Amino acid sequence: MYRYFSEIFSGLWSLIVGMRITLVEFFKPNITLHYPHQTVKMPARYRGHIELIADEEGKPRCVVCGMCEKACPSGCITLEGEKPEGSKKKVLTSYKLDFTKCSLCGSCVDSCNFGAVEYSKEYNLASTRKEDYHFDLLKRLEDRHS
Amino acid sequence: MIIETVTSQLLELFPEYAQATEHVVEIVALEEQPSPEAKKGKKEQLVTRQNGLKNCSYDACGYHLDLQLSTGQLLAATALLFKNGFFLETITGVDWIKEKQLEAVYDFSRYDFDLCRVVVRTRVPRENPAIPTITGIYSGASWHERETHDFFGIKFQGHPHLIPLLLPEDADFHPLLKDFKA
Amino acid sequence: MGTENIPSALVQFASADKLINLGRANSLWPLTFGIACCAIEMMAAGCARFDLARFGAEVFRPSPRQSDVMIVAGTISKKMAPGIKTLYDQMPEPKWVIAMGNCAISGGPFVFEGQYGIIEGADQFLPVDIYIPGCPPRPEALIEGIIELEYKITGWRRWPKVTAE
Amino acid sequence: MTLTFLNIFIAVVIAIAFVAANAAYLVWCERKGAGFIQRRPGPTENGLWGLLQPPVDGIKLMTKQLMIPGGVDKIVFIIAPVLAMFPTIISFVTIPFSDQIVAHNMNIGLLMIFVFGSMSAMALLMAGWSSRNKFAMISSVRAVSQAVAYEIPMLVTTITVVMIAGSMDLMEIVHKQGGGFWHWNIWPLQNGLFNVLMPFSFLIFFICSLAETNRAPFDLGEAESELVAGYHTEYSSMGFGLFFMGEYANIVIGACLTTILFLGGWDCPFGLFPGVWWFLLKIYFLIFTFIWIRWTFPRTTIYSLLNLSWKVLIPISLFNLLLTAGLLKVF
Amino acid sequence: MIQTLTTPDGLVGIIFLFMVVVTLIGGLVASASERLVRAVIGLVISFVGVAGLYYFLNSPFIAMMQVLIYVGAVAVAISFAIMLAAPEEKKKFSPTNPLTGPLGLISAALLTSGLITIALKTTWPIMPKVNNGSVKIIGIQLLTNHSMVFELISIVLLIAILGALVIARGGREH
Amino acid sequence: MPLLTLHNSLVTYLVVGALLFGMGVYGMVTRRTLIGMLIAAELLLAGASINFMAFNRFTAPDPAFGQIFTLFIMAIAAAEAAIGLSIIVAFYRHYKSIDTDDAVQLKG
Amino acid sequence: MTEPIVLQPDETFVLNVGPQHPATHGVLRVKMTMDGEYIYNAETVIGYIHRMHEKMAENRTYSQYLPNLSRLDYLSAMAYSHGYVLAVEKAAAIEVPERAEYIRAITVELNRISSHLVWFGAFVLDLGGFSPLMYAFDDREQILDLLEGITGSRLTYCYFRFGGIYNDIDEDFIQGTRQFIKRMRKALKMYRKLVTTNIILIKRLKGIAPVSVDMCQRYGATGPVARGSGINYDVRKNEPYSVYSDFDFDVPVFTECDAYARYNVRMEEMEQSLRIIEQGLDKLPDGPVNPEKKPKAIKLPPGDYYSTVEAGRGSFGIRIVSDGDKNPYRLKLRTPTFSNMHLFDEACRGMLIADALAFMGSLDLVIPEMDR
């Protein structure tokens, strides 16, 4: 009999304790980030899709060594370059990133010995077309610099 | 120490590995894998690992005992391990396509602090891979065996429910075989 | 093209249509259906920090009959695809599909030569409306996807566009 | 006779409006309340504080395709949501909001509410059965057995109150509790007799009304993690909407009844404003408690639920019935 | 005609007719539908109608009890039994005797017409309204003049509960 | 408008009661399942109760007798349903059928 | 205790739970043969999210395979990557700087807490309580912010590299982590009051779903499932790897074998993880986080390597069979949920469906990790 009543009362008490906690939470300010109105700054190391880095003249630093292409586990990167006449270095003619296959592992940035690629901070991509994510990074670079 | 206990019990069970354990170990260590040259096709002769019990360095490869045995001895060895308080970590297969063999690998470990990891392997020909099931001893082997069957097509004889586990129900391909083409 | 010759309805309820579309766009109830990694970010988007509820989209319905939008959040295996198709068919019109994460868009990192198990993108068997890339996308991206879907339904974007710096 | 019918007719219309508005905005309250408890704001973007959310949801639900899955028993499938909603609305007719505002006072008003409450069990059963869905079936069987089990302690507690008031007339019951909040049935002191068990009776009644309305922690009927969406798994569009509204209408009924039976109805503890506002204040406080409880506790199982009913609630309420009867006889 | 309809009295008449129709349609569904669950639903509809009739007969209490007991309890119990026993519906209406249907129809028609004839032919002594719809009278009568009924109800219900428990238990053990 | 004043005449109720009774009889004869028969029985009882109530309202000297009798009938019906249904369930468990013809074993 | 009930097989029906079902945490299907609300028999059907990790390993180089490990178990991605890099480092004999190992341990434990927090929320959600999920995710967001600050990703970190880590931690991370420890201790106290001592939860979990020691052994259950059955088995203690032998922490073991024991094990584990992180931050040595010479193309000597770590859900083993090439010849992932889930079929017989789903929740399932 004693156990019967003590169980009822301790049970009730645990319920009341729980309700007190949620009541306190009810009056606490909420922690929500109101996204389209407020945004959070991405940390410096945030890994978005990759972007090319330009040198001082606005040309890509990339030397078309193809290390990133080789390092990429899912084969998102295709780049082409050509050697213009009278130049020693290869010049990048196209750098295509298929972001829809990317796993954001960072192998490409790790493998680049020339510091030619970086992560972008784009974190809120959404579109009605899949093709929007087949980036032409060279074009994006030019757009940024024009 | 459990390692010694298990070793002696295993050797008691399979006396063919009993004579001169160390001797066997040496030979086995040499012949364990096909050498890289064999892989590259420079050397035609393939060296297949012989059955035997091997003491391994835990620091180098992560287990203590490595026992390769013939298919018929598997159940006895498993029962022995079960009696000694081992639990089944996993079962998997390896496709040795050069040797035309499939290998089933059983990993055992223990819950207590007397650490001992045992690997049991058995090899079967690729054309007719059949291995007795150990579900009678370890119920948990059921899924592992089904998975191995999925991937390699090894038939576990006596398994109560050998249908595809990870692959779709009607799958008839074995994707982890080296000659698998999607 | 033949489609251009369809006569338009004699009486048009333009404003009513607009109202209905507004209603639909602001009460998108997703199906409780997580497949893999992205599902966790989907949960995170529904939780306190990001709170999909602000857009009236927090009512995750477990039954497809009551949901409006299916968020395909994860890799679609060949074994699972018929199930997803069934779920989609069970949803009442009008219905939308959001492909969240690279796996749902194109198979993502799990596409390789000789793959045998996955479908390379939800759009192979579902009419996908919104693609949200990322592996996994941040919850903001999912919110952006919902906003984008509302834009698609109503043709009117009510919220400012956020550009990441 | 004639006039009463007309009255009832008008009252039903008003009741429908009241119920619909209440149900719609209770959903909003629930979402907001849940949000605040969970450190988030709830709906905010649609209208000020998300106040346009219910109409928006309503538009969406109404314009959604009404699916009748293959293999269901069509007639039953369609009748069930109506039956879930309709009786609840009727019950509003007898509820006195103040000593003037009552649609149709009956001398057996209390009984009437229970009668129409009992009809919803049938609706759940019909919905579950006709859906041809095992989850829906299990869920409806659960919901009904739960409703039946909790009707017993609920009725016994109600009888206690009826004995104290000497009437089944809701107005009469409230009148008996008039004159200061220490006369309310929730307190031990009433009519000059001292009954210690009354607060527990109140608690029992409250728990039972939680269970009767299938609210958490007793929402076994729609236990999401077990039975998908419960008995309305197969319902889409407004079919689902009616169930949804029926649930909230039931909550309002439960809160009204608890207020009338135990919290003195429109009786004001201190007369700041007219009684009807006190009544509304009380019922909305109770509704808030419903919401508060729902977002605090996990769900019980069917067994602990029945155990609770048979081992705790029924003995205590029966004992209270005897005690009250004795006290009434002696004094 | 329209004027009569719009008066309160007319409205009452319409509601009464509606109740009668509901009762009869429900009864028809209950007795003639092929599926048992529909029959139960017919029963429910019919009893709601009957409760309405009781209300017109100045006995709201009985009307309430009718709904409470039949709709809230009996119909639910029957539905449960149907679900538990899950009878195969196809098998049911292949009568072994093809005469069953017509036979039932004839006997029912005979009985009904007989009853109706009696009801119409007899001149019933109409008394002034004695029943004012109060619950109190029923209560007092139940505990004084008709206390036997009260006792009988108690005993019947007690026995029913015990019997149901015993029988259902027995089934479980099997 | 005689149609609209029907609720004030005893005969109406008697006719409705008779019709319900007839439906009950029809159901009793044609139904071949125990549950179906139970449903028909409920209809029979309802028909009878309507008569009781009608007489109570229009002819009886005692203000409550008909009502009390109807209450009694309800109690009986409830009891009958409880017992009947438990028998049906037990019977079903035993024979996996609720068809009356399958109950021949009861004859011995 | 739920006694197994003698059931009649001919009164059963099949209830198909999943692949889309709120309680299955992903795409898992359980074909339950039910007798009323009791489970007569259950057959788990998995493979709905089989992502061919093992086949991919044979097609990728060792370092290209790294991102896969984060997707294997997305909730405790760090631990799985840890297992993999440890295995490769062991086989290729790569030295790891001590600082890197400490950072690994800290991040793994942080990740373990975040994983347990998701489990906690989802489990209570399974039991019908919604708010704890929100609180848990709120606390988890703190961890994610910390980890995102150093790794750049919220869920699939790819933080470990062979021989070291991707990036050194900064002062922000250390300060943030210390603050988080304080916050988390408070939060755990709150969870105890709100959930652990709640009478409804206790009624639902105590004595439910017993898993005996014998069953654990037969099925190879590890992690909190085994520890909830009184088996003192934690890879971090039993075969210490990395720098775990430097830390002073307890392995919570409960002998009740029921769902409540498993629940308590995980709650206790979060506190122990906090202790490890605290010690790790205190003891954190200075120095580089990557070896002098970064190993470029990794080739393992031919052989067979096995390595185990304690992941969020149990012991995660990885077997690499190498033939000396730059791709693994065969890579086998031994995932804990696979074994833990397998015992569900046997253990849930005779249980109520509600209890079975509580049981499923107490196993802490991550389906992609099981299906691989």
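For clarity, every value in this text was computed on a predicted model and none was experimentally measured. Order of the sequence lines fixes the chain letters, A, B, ..., with proteins taken first and strands second; residue numbering starts at 1 for each chain.
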Just verifying a value: how many Å separate Ile199(G) CD1 and Ser304(D) OG, rounded to the nearest 0.5 Å? 9.5 Å
Which is it for Leu127(G) and Phe297(D) under the side-chain contact (heavy atoms from CB on, under 4.5 Å) test, yes or no, and what are the steps along the way? CA-CA 9 Å; Leu127(G) 303 178; Phe297(D) 299 130; over 6 Å; no
Pro298(D) and Ile200(G) have their tightest heavy-atom pair at O-CG2, 3.6 Å
Least distance between heavy atoms, Arg142(D) atom then Ala354(G) atom: NH2-CB, 4.2 Å
So, taking the atom named CD in Gln38(D) and the one named CG in Asp138(G), what distance separates them when rounded to the nearest 0.5 Å? 11.0 Å
Residue Leu194(G) versus chain D: region with a heavy atom under 4.5 Å: side chain
In terms of heavy-atom contacts, does OH of Tyr25(D) have more than 12 from other residues, nucleotides or ligands at under 6.0 Å? yes
So, taking the atom named CG in Leu125(G) and the one named CZ in Arg299(D), what distance separates them when rounded to the nearest 0.5 Å? 8.5 Å
May I ask you to check whether over 12 heavy atoms, not counting those of Phe77(D), lie within 6.0 Å of atom CZ? yes
Verify the neighbour count for atom NZ of Lys32(D): are there more than 12 heavy atoms of other residues, nucleotides or ligands below 6.0 Å? yes
For Ser131(G) and Trp295(D), indicate whether the former's side chain and the latter's backbone hold a donor-acceptor pair under 3.5 Å. yes
